[in-house]
Each structure stands twice: as structure tokens, then as C-alpha cells.
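Just so it is clear: chains get the letters A, B, ... in the order the sequence lines come, proteins before strands, and each one is counted from 1. Atoms considered below: every heavy atom in the structure, side chains included; atoms not considered: hydrogens, waters and symmetry mates.
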Protein chains: 2
Amino acid sequence: MKSPNSISAATLKRLPLYLSYLKTLPKDRTVNISATAISAALSLNAVQVRKDLAAVGKGGRPKIGYLTEELVFDIENCMGCKDLSYAALVGAGNLGKALLSCDDFGQYGLNISVAFDKSENNIGATVNNKHILSADKLEDMCKHMNIRIGIITVPSYEAQGVCDKLIRAGVVEIWNFTSVKLKVPQKVMVLDEHIGSSLPLLFNHKIENN
Amino acid sequence: MKSPNSISAATLKRLPLYLSYLKTLPKDRTVNISATAISAALSLNAVQVRKDLAAVGKGGRPKIGYLTEELVFDIENCMGCKDLSYAALVGAGNLGKALLSCDDFGQYGLNISVAFDKSENNIGATVNNKHILSADKLEDMCKHMNIRIGIITVPSYEAQGVCDKLIRAGVVEIWNFTSVKLKVPQKVMVLDEHIGSSLPLLFNHKIENN
DNA sequence: TAGATTGTTAATCGATTAACAATC
DNA sequence: TAGATTGTTAATCGATTAACAATC
């Protein structure tokens with residue numbers, strides 16, 4: 001069994017891609033899958049796919065490919081899906097609710113256990129079976145539930161405050177959806193999800209004449 | 001004035017970061033800003049920042065730094081903010097509404113002009129002053145409004161269909177929030193926003209003892 | 001067998017970082 | 001002047017891709 005730590009960041013980021021593709025395959029009709037097929041479906045280089053798969057799994061067989069089921073198992077294992085990570089989401093606005101509703105994350109091993117909000121309109125509500133509690137209860141609840149991951153979907157000006165609260169409650173990984181650069185102690189990891197940071201690529205698209 | 005086409009993808013992706021940082025600075029008190037200061041604030045390498053800024057602007061002055069205002073202008077120019085890009089959003093669920101509500105995109109030059117949805121609950125509503133229209137009107141309206149960018153926030157199984165419709169309506173750039181690999185003609189550019197693709201990085205975070 | 005496929009080694013490419021001269 | 005800063009050149013690093021042998 002491979003140690004995820006030895007896997008490059010670039011490869012790690014492609015794992016969810018592979019996983020969700022493999023899950024779209026009809027289980028009975030695709031016992032085996034080739035790197036060639038995967039690369040074609042995802043518009044990736046075939047050698048790259050093979051290298052990625054070599055990094056996470058036990059390898060395939062020439063002419064036949066990989067055992068689909070085994071591959072799914074290995075990818076999930078490397079991604080860290082095996083032991084579910086429990087997360088708390090703070091800020092149940094539209095974006096927060098969108099994340100609460102997204103069942104794909106469960107596939108990746110992320111379990112958003114609870115959400116917090118300040119607004120009376122949201123407190124007490126349920127989204128996708130997840131309860132929205134008063135932000136006052138954040139520290140107590142997170143400690144009590146042993147939450148490791150915090151998801152920040154509040155307005156920018158509240159982000160650092162919420163971040164500090166989460167850390168006091170024992171959170172060591174933060175998924176940050178605001179544009180604020182969060183200040184955290186060294187042991188805490190922040191993953192910035194800058195939606196829109198790739199927009200310049202879109203704007204700079206020029207149509208080549210055909 | 002630099003041609004955006006000569007700027008690397010890595011640099012382009014950092015431009016929004018610089019821009020939003022520069023906009024947080026008090027206008028009167030920071031006529032000049034150094035690459036050193038920017039790099040410290042954003043936890044980037046100082047040389048990298050200087051190279052990025054060299055690629056977009058006319059350069060700074062030793063000991064003094066860059067003219068903040070000029071820098072903002074140059075970055076906006078390179079990102080393509082100058083001529084607003086008009087976009088249509090399809091799928092006004094929670095994620096769609098979150099994007100409609102997000103005013104930051106305007107700063108980046110993206111103007112979501114109109115939204116479409118199938119659900120009677122949403123049709124006719126307004127989010128952040130943007131109208132949600134019936135999906136039936138998609139093709140006519142997009143043609144009529146001369147929309148170039150389509151944003152897809154529908155469920156996965158509807159993604160390809162919506163994509164085809166958008167392209168028929170003249171859209172040439174697509175911002176795709178589903179996990180589906182869209183099939184498009186060569187002249188159309190797809191930007192995949194795979195929220196969650198970096199989660200494996202978060203899961204693989206091990207706390208070093210301190 | 002022939003051909004499709006894997007996996008490895010080497011080459012290429014692009015991006016980051018280090019070193020340092022030039023400037024105000 | 002001294003020191004902070006820019007900008008460039010060279011070195012390093014990491015990721016992608018090409019070439020090819022091994023395998024079923």
C-alpha cells in the first residue's frame with residue numbers, strides 16, 4: 001500500500017477526476033479499464049495517466065489494463081477517502097448551501113457534519129439533512145464533535161474571525177472560500193479555493209479562425 | 001501596453017490575487033507599493049511577484065516600488081477587465097445564486113447579465129439585480145444579447161445538453177462547474193472549475209509535531 | 001504470432017528560485 | 001553614502017511528454 005505522502009500534488013489533484021470518471025462506468029461491463037481509455041475520456045496524456053495510476057495502485061496488465069474495482073479502491077485509499085474526514089461549515093449563504101447540497105464530496109471522503117450561521121433565517125434549518133446551528137455554538141460543538149476541518153463561506157470581512165474561532169475549537173485544516181489571506185499557526189493548513197482565479201484564462205481566449 | 005497572450009498561465013492566475021490585494025489598500029496612504037510588501041502579504045516569492053508585475057506593467061522604481069494606481073490599471077488591462085465580458089448563467093440553484101451574488105467577478109471584468117432556470121420557483125425571480133428567465137428562452141436571449149460566455153451550474157446529467165444549447169446560441173467560452181467533461185467544437189474554450197479537486201491535499205495534511 | 005498495452009528511462013518543457021548587478 | 005528595491009541571468013526544480021523495451 002502506497003504512502004500518499006510520496007505522491008505529487010499534481011497527481012493528487014487529478015485523483016478526483018479519475019475517481020468520478022471510473023464511477024460513471026457501468027460496473028458489470030467494465031471489469032477492466034485501460035489508461036488509454038481514461039486518458040481519451042478526460043483529454044489527458046496517456047503516459048501521465050499511467051504514471052498517476054502507478055503512483056497510487058499496484059499496476060495493470062499489458063493488453064488488458066487495470067481492474068476497475070481495484071483502481072477505485074486504490075484511488076480512494078490514496079485520496080484519504082477511507083477514513084471519513086468530518087467538517088464544519090461556517091456561513092450558510094448561497095455558497096454554503098451549495099456545498100452542503102453537494103453529495104460528491106462524500107465520495108471524496110469529506111463529510112460536512114454541521115453548519116453554522118449568524119442569521120435567524122437560517123438557524124434551525126436543515127440543508128441536505130445537515131443542521132444549521134447558531135454561530136454562538138461553533139466552538140463548543142466543534143470541540144464536542146471532534147471536527148478537524150473547517151469550511152469558511154462567510155463574507156470576507158468575517159473570515160479571519162471565524163478562522164480564529166475554528167482553530168480555537170481544534171480545527172487543523174481550513175478550506176477557505178473567501179479572498180482573504182488567512183493568518184494561521186504553522187500546524188494549521190489552509191486550502192484556498194479562489195473561485196474565479198482562472199477567469200483571466202477565459203478572457204484571454206481568442207478564437208482562431210477555422 | 002503588453003499583449004496578454006504572451007503572459008504565462010501561471011502568472012495570469014495570480015493576477016486576480018494581486019488585484020484584490022491592491023484594492024484592499026487605503027488609496028491615499030499607499031501611492032507606492034513594493035513587490036516585497038505584496039509578496040509578504042500573499043505569502044509568495046518576491047522574485048516571482050516582480051516577474052509577474054514585469055510581465056503586465058511598465059515596471060517599478062528601485063527603492064520606491066510601483067505606482068499602486070498604475071499597477072491596478074495594468075493588471076486589469078492584462079486580465080481583460082477593460083472590456084467587460086457578458087455572460088449567461090444556466091442553473092439558478094444554490095451555486096448559481098452564489099455566483100450571481102458574487103460582486104467580485106465584476107471587478108475581474110465578468111458581467112453575468114442574465115440567468116436561466118427550468119424551475120417555476122426560480123423563473124421570474126431576481127438575484128442581485130439579475131433576472132432569472134425560463135430556460136426555453138436561452139437561445140433567443142443569448143443571441144439577442146450577444147453573450148459570449150456561458151456559465152454552467154446545472155446538475156451533471158444536464159450539462160452537455162445545456163452546453164450544446166449555449167454553443168448554438170453563439171457562446172464561445174464556457175465556465176463549467178459540473179464534473180462532466182464537455183464535448184465542444186475546437187473554437188470553444190471550456191474552463192473547468194472542479195471545486196473539490198484539491199481536497200486530497202487537505203486530507204493528506206499531517207500535523208508535524210511542534 | 002501480432003498488436004495493444006503497461007511501465008520505465010531519458011528528454012523536454014515551464015515555472016520557481018537563487019544570485020547579483022543596476023538604480024535611486 | 002548606504003541600503004532598499006528593481007530587474008535580469010543562471011540554476012534548480014518539478015511536471016509533462018517522448019521513446020522504447022517488456023508483457024500478455
Exercise. Return yes if the base of D:dT6 and the side-chain atoms of B:Lys51 contain a donor-acceptor N/O pair under 3.5 Å, otherwise no.
Key: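 Counting by modelled atom types and ignoring angles, no donor-acceptor contact under 3.5 Å is found here.
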Self-check item: Inter-residue atom distance B:Leu89.CG - B:Ile151.CD1, 0.5 Å rounding
Solution: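 The distance works out to 5.0 Å.
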Exercise. Could you tell me the separation between the CD atom of B:Glu139 and the CZ atom of B:Phe116, rounded to the nearest 0.5 Å?
Key: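 One gets 10.5 Å once the value is rounded to the nearest 0.5 Å.
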Side chain of [X] only, heavy atoms from C-beta on: which candidate in [options] is closest?
| X | options | result |
| --- | --- | --- |
| B:Val47 | C:dA18, D:dT6, C:dT5 | C:dA18 |
| B:Asn45 | D:dT6, C:dT17, C:dG3 | C:dT17 |
| B:Arg61 | C:dC24, D:dC24, D:dT5 | C:dC24 |
| B:Arg50 | D:dG7, D:dC24, D:dA15 | D:dG7 |

Quiz item: Quick one: on DNA chain D, does A:Lys63 or A:Thr11 contact a more 5' nucleotide (nearest heavy atom)?
Solution: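 Nearest-nucleotide comparison on DNA chain D picks A:Thr11.
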Quiz item: Do A:Phe105 and B:Leu199 come close enough that some side-chain heavy atom pair is under 4.5 Å?
Solution: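 Sidechains of B:Leu199 and A:Phe105: in contact.
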Practice problem: Specify the residue among B:Ile64 and B:Asp52 whose closest nucleotide of DNA chain C lies further upstream toward the 5′ end. | Solution: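 Counting from the 5' end, the first nearest nucleotide belongs to B:Asp52.
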Just how far, in rounded Å, is [atom2] of [N] from [atom1] of [X]?
| X | N | atom1 | atom2 | result |
| --- | --- | --- | --- | --- |
| A:Leu67 | D:dC24 | CG | C1' | 14 Å |
| B:Leu53 | D:dG7 | CG | P | 8 Å |
| B:Lys58 | D:dT6 | NZ | P | 16 Å |
| B:Gln48 | C:dG14 | CD | C1' | 12 Å |
| B:Leu12 | C:dA15 | CG | C1' | 14 Å |
| B:Asn32 | D:dT6 | CG | C1' | 13 Å |
| A:Ile33 | C:dT6 | CD1 | C1' | 15 Å |
| B:Leu42 | C:dT16 | CG | P | 14 Å |

Quiz item: Would you find a donor on one side and an acceptor on the other, under 3.5 Å apart, between the side chain of A:His205 and the backbone of B:Lys187?
Solution: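 Between the backbone of B:Lys187 and the side chain of A:His205 there is a qualifying donor-acceptor contact (under 3.5 Å).
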Quiz item: Is A:Asn111 reaching over with its side chain to a backbone N or O of A:Leu84, donor-acceptor style, under 3.5 angstrom?
Solution: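 Such a contact is absent between A:Asn111 side chain and A:Leu84 backbone.
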Quiz item: Who does D:dC20 pair with, Watson-Crick or G-U, both distances under 3.5 Å?
Solution: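 With both distances under 3.5 Å, D:dC20 matches C:dG7.
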Practice problem: Remember a base hit wins even if backbone is also touched, and classify A:Ala35 as base, sugar-phosphate or nothing at under 4.0 Å, heavy atoms. | Solution: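 Counting heavy atoms under 4.0 Å across all strands, the contact made by A:Ala35 is with sugar-phosphate only.
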